[in-house]
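Structure, as structure tokens:
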Amino acid sequence: MSSSATRAAGNEAGNEAGNEAGNEPQGQAEAGTEDGVRTRAPRAAGVAGSPARRWAGRLARPGLALLSGVLLYLSFPPRTLWWLAPLALALLGWCLYGRRARAGFGLGVLHGLGFLLPLLVWTGEGVGPVPWLALVTLESLLIGLTALGIALVSRLPGWPLWGAAVWIAGEALRARAPFGGFPWGKLAFGQPDGVFLPLAALGGTPLLSFAVALCGFGLYEVLRVGADTRRATAALLAATAVAAPLAGALAARPLVSDAAEDGTAVAAVVQGNVPRAGFDFNAQRRQVLDNHANRTIQLAEDVKLGKVAKPDFVVWPENSSDIDPYAEPDAYAVIDNAVKTIGVPVAIGSVLAPQTGPLRNTMILWDPVKGPVDTYDKRKIQPFGERIPMRSFVRLFSSDVDRVRRDFGPGKEPGVFDMAGSGVGMVTCYEAAFDDAVRSTVRAGAQVIAVPSNNATFGRTEMTYQQLAMDRVRAVEHSRTVLVPVTSGVSAVIRPDGEIVRRTKMFTADALVAEIPLRSTQTPATRFGPLAEYLLLAVAAAGLGWTLARRLRRAS
């Protein structure tokens with residue numbers, strides 16, 4: 001795929017690089033008219049240039065498209081180089097501006113490969129490169145389609161606006177298809193330390209991503225237009241594309257607050273650790289359960305000794321008990337003893353195995369007096385992780401699909417547990433990547449968001465830091481404290497302004513105790529839901545429609 005994308009992008013770039021290198025093909029120079037019509041202007045022959053220069057011209061844009069993807073990857077956590085994202089988009093804008101559709105697609109695929117190959121390398125942890133490369137290829141093709149659209153609108157007046165909206169359309173597509181979507185790699189998720197972050201509270205992750213893309217494309221347009229006084233309107237639009245996201249972020253800052261509207265609660269998250277990393281961590285499921293039970297009992301001892309405040313409630317991670325406590329009396333007794341010892345409600349991550357039907361990835365609310373009193377079934381089930389679409393076909397490429405012998409099934413309703421009077425909303429691991437899963441939980445009454453997760457499968461890769469960045473963005477988006485208990489780390493307590501106030505090390509048993517604010521105010525992002533995304537999709541459609549109308553008018 002990458003070689004064909006390079007050829008498509010390189011051939012187109014080579015034909016158009018002649019103007020810059022001084023060696024236009026066939027003795028002609030290509031120019032773009034004001035409305036985007038390409039014409040050929042005659043020029044003097046005899047300045048063909050060397051083959052090396054021609055090849056350099058052909059490979060310049062493909063190479064820079066790949067580099068723009070690498071720069072975008074470097075902007076993501078655990079690094080705090082968020083400012084690289086607009087620069088990466090500016091470089092991509094340079095690659096795409098004025099290109100034909102085929103070249104735009106090829107350049108976009110190369111950008112996607114440069115970005116996603118390193119970003120998603122953790123998906124091959126323990127199972128080899130095939131799933132990783134397959135996922136990256138598919139997602140890069142979708143980014144190629146996005147870049148195709150950006151190339152098409154790049155000759156419109158004020159094109160950074162249209163191009164940024166098309167980028168959001170691409171992110172919306174990747175968040176929904178195929179197999180329910182894979183939102184990993186949204187521009188928004190690389191911005192937990194960035195100046196644009198307050199925009200998440202205004203319009204959610206679509207508006208935050210849009211701001212980054214608009215600023216990036218605007219930066220390129222500023223450089224392209226330069227100080228040409230004959231193009232004052234274009235220069236003003238370019239400068240506005242850079243300034244507007246920054247001004248919007250500044251205006252949205254009052255939406256970011258960690259005030260305790262409904263009082264405070266003392267929350268604890270438990271990280272029990274696992275016997276080993278990788279896909280075989282749950283081969284010792286009883287040990288994982290015992291680790292979390294024992295660390296909770298130790299927490300109770302620390303409370304008695306006055307080392308920490310007594311929590312009002314405790315949250316365990318996803319998969320902290322992969323043994324079904326409803327079916328296994330021994331597991332029930334271990335959990336019940338730990339909960340009674342700490343003496344407060346505890347949310348337990350478990351796998352329930354009914355006699356018929358799919359498995360359920362379930363959070364169980366366990367009361368110290370009444371035992372299990374409520375449940376939440378994970379709604380976003382990870383394809384090729386918790387369920388295997390097209391199992392017989394996928395098995396041809398990797399026998400690791402048989403590690404998932406029985407598919408998980410999705411829940412239907414958001415889960416908000418009443419834990420000592422606090423509404424704690426459950427968003428299990430993978431669900432944190434999906435806008436609707438988090439938003440529906442807050443709208444159902446969550447005063448606090450809990451994201452119980454299990455990252456032991458992915459060892460010490462960057463995956464856990466990428467997910468933690470998502471959780472920080474969600475904290476600001478919905479103005480809620482986010483509790484992140486993870487089996488092996490990094491567990492954290494995140495305040496509503498996105499600041500991490502407590503965190504653990506990886507593969508270390510620990511417990512975090514913190515007083516957190518309870519909040520019930522809904523941000524515009526929570527209240528209006530996908531409205532911002534729909535408006536941006538309408539802008540993208542308008543830009544593409546305008547481009548089509550211009551082409552039809554020229555053809556007639």
Side-chain angles (χ1 to χ4, degrees), residues 72 75-77 80-90 158 160-172 174-175 183 185-219 239-259 432-436 438-439 442-443 449 466 468-480 482 494-499 519 521-540:
L72 186 56
S75 74
F76 272 66
T80 56
L81 305 176
W82 59 269
W83 46 270
L84 280 177
L87 297 182
L89 270 291
L161 171 69
W162 312 109
V166 171
W167 182 275
I168 300 309
E171 287 195 345
R174 290 195 292 124
K186 275 188 173 185
L187 292 179
F189 294 149
Q191 296 294 307
D193 296 296
V195 297
F196 302 112
L197 182 60
L199 289 170
L202 182 62
T205 60
L207 184 61
L208 179 51
S209 289
F210 175 75
V212 177
L214 181 61
C215 185
F217 293 149
L219 283 172
T240 301
V242 177
L246 296 170
L250 182 63
R253 284 192 62 83
L255 296 174
V256 181
S257 172
D258 60 1
F434 293 85
D435 295 346
D436 58 330
V438 185
R439 182 173 57 245
V442 177
R443 289 180 64 89
I449 301 171
Q466 293 169 12
L468 193 61
M470 293 181 192
D471 298 334
R472 294 179 63 192
V473 172
R474 297 304 186 193
V476 173
E477 181 180 14
H478 300 291
S479 195
R480 295 292 187 271
V482 177
I494 305 168
R495 293 180 71 86
D497 60 2
E499 180 186 357
R519 294 181 56 82
T521 293
Q522 293 187 1
T523 64
T526 308
R527 190 178 308 118
F528 298 114
L531 178 61
E533 183 177 55
Y534 293 161
L535 291 175
L536 291 172
L537 292 179
V539 172

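In this chain, residues are counted from 1 in sequence order.
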Rounded to the nearest 0.5 Å, what's the gap from CH2 on Trp167 to CG on Leu187? Could you check? 5.5 Å
So, for Phe76 and Gly190, which heavy atoms are closest and what is the spacing to 0.1 Å? CE2-N, 3.6 Å
Any idea which heavy atoms bring Val476 and Ala201 closest together, and the distance? O-CB, 3.5 Å
If every non-hydrogen atom of Ala525 is compared with every non-hydrogen atom of Ala200, which pair is closest and at what distance? CB-O, 3.2 Å
Just wondering, do Gln522 and Phe528 contact through their side chains at under 4.5 Å, heavy atoms? no
Separation between CG of Leu255 and CG of Asp497, rounded to the nearest 0.5 Å: 13.5 Å
Arg527 atom CZ: more than 12 heavy-atom contacts under 6.0 Å: yes
Do Asp435 and Pro206 have side-chain heavy atoms sitting under 4.5 Å apart? yes
Hey, are Asp471 and Arg480 close enough for a salt bridge, meaning a charged N less than 4.0 Å from a carboxylate O? no
Who pairs with Gln191 by side chain to side chain donor-acceptor pair (under 3.5 Å), at least two apart in sequence or on another chain? none
What's the shortest heavy-atom distance between Ala241 and Pro160, and which atoms? CB-CB, 4.0 Å
For the residue pair Leu208 and Phe189, establish whether any side-chain heavy-atom pair is separated by less than 4.5 Å. no
Do Phe196 and Leu246 have side chains that get closer than 4.5 Å, going by heavy atoms? yes
Working to the nearest 0.5 angstrom, can you tell me the gap between Leu161 CG and Thr240 OG1? 11.0 Å
For the CD atom of Glu477 and the OG1 atom of Thr523, what is their distance to the nearest 0.5 Å? 7.0 Å
Which heavy atom in Ser257 sits nearest to a heavy atom in Pro496, and how many Å separate them? O-CB, 3.2 Å
For residues 529-538, dump all side-chain donor-acceptor pairs below 3.5 Å to protein atoms at least two apart in sequence or in another chain.
from   : atom 1 : to     : atom 2 : distance (Å)
Glu533 : OE1    : Arg176 : NH2    : 2.7
Glu533 : OE2    : Arg176 : NH1    : 3.4

Kindly indicate whether the side chain of Leu468, heavy atoms from C-beta on, has any atom under 4.5 Å from the side chain of Pro77. no
Give the intermediate values and the outcome of side-chain contact (heavy atoms from CB on, under 4.5 Å) for residues His478 and Val438. CA-CA 9 Å; His478 300 291; Val438 185; 3.6 Å; yes
Sorted by chain and residue number, the salt bridge (Lys or Arg N to Asp or Glu O under 4.0 Å) partners of Asp258 (sequence neighbours excluded) come out as Arg495
Sidechain-backbone polar pair: Ser75 side chain, Leu72 backbone, donor-acceptor under 3.5 Å: yes
Backbone of Ala432 reached by a side-chain donor or acceptor of Arg474 within 3.5 Å: yes
Sidechain-backbone polar pair: Arg519 side chain, Ala259 backbone, donor-acceptor under 3.5 Å: yes
Just by distance, do the side chain of Thr526 and the backbone of Arg439 share a donor-acceptor pair under 3.5 Å? no
I need the minimum non-hydrogen distance between Pro86 and Cys215, along with the two atoms involved. CB-SG, 4.3 Å
In this structure, CG of Leu199 is separated from CG of Leu250 (nearest 0.5 Å) by 10.0 Å
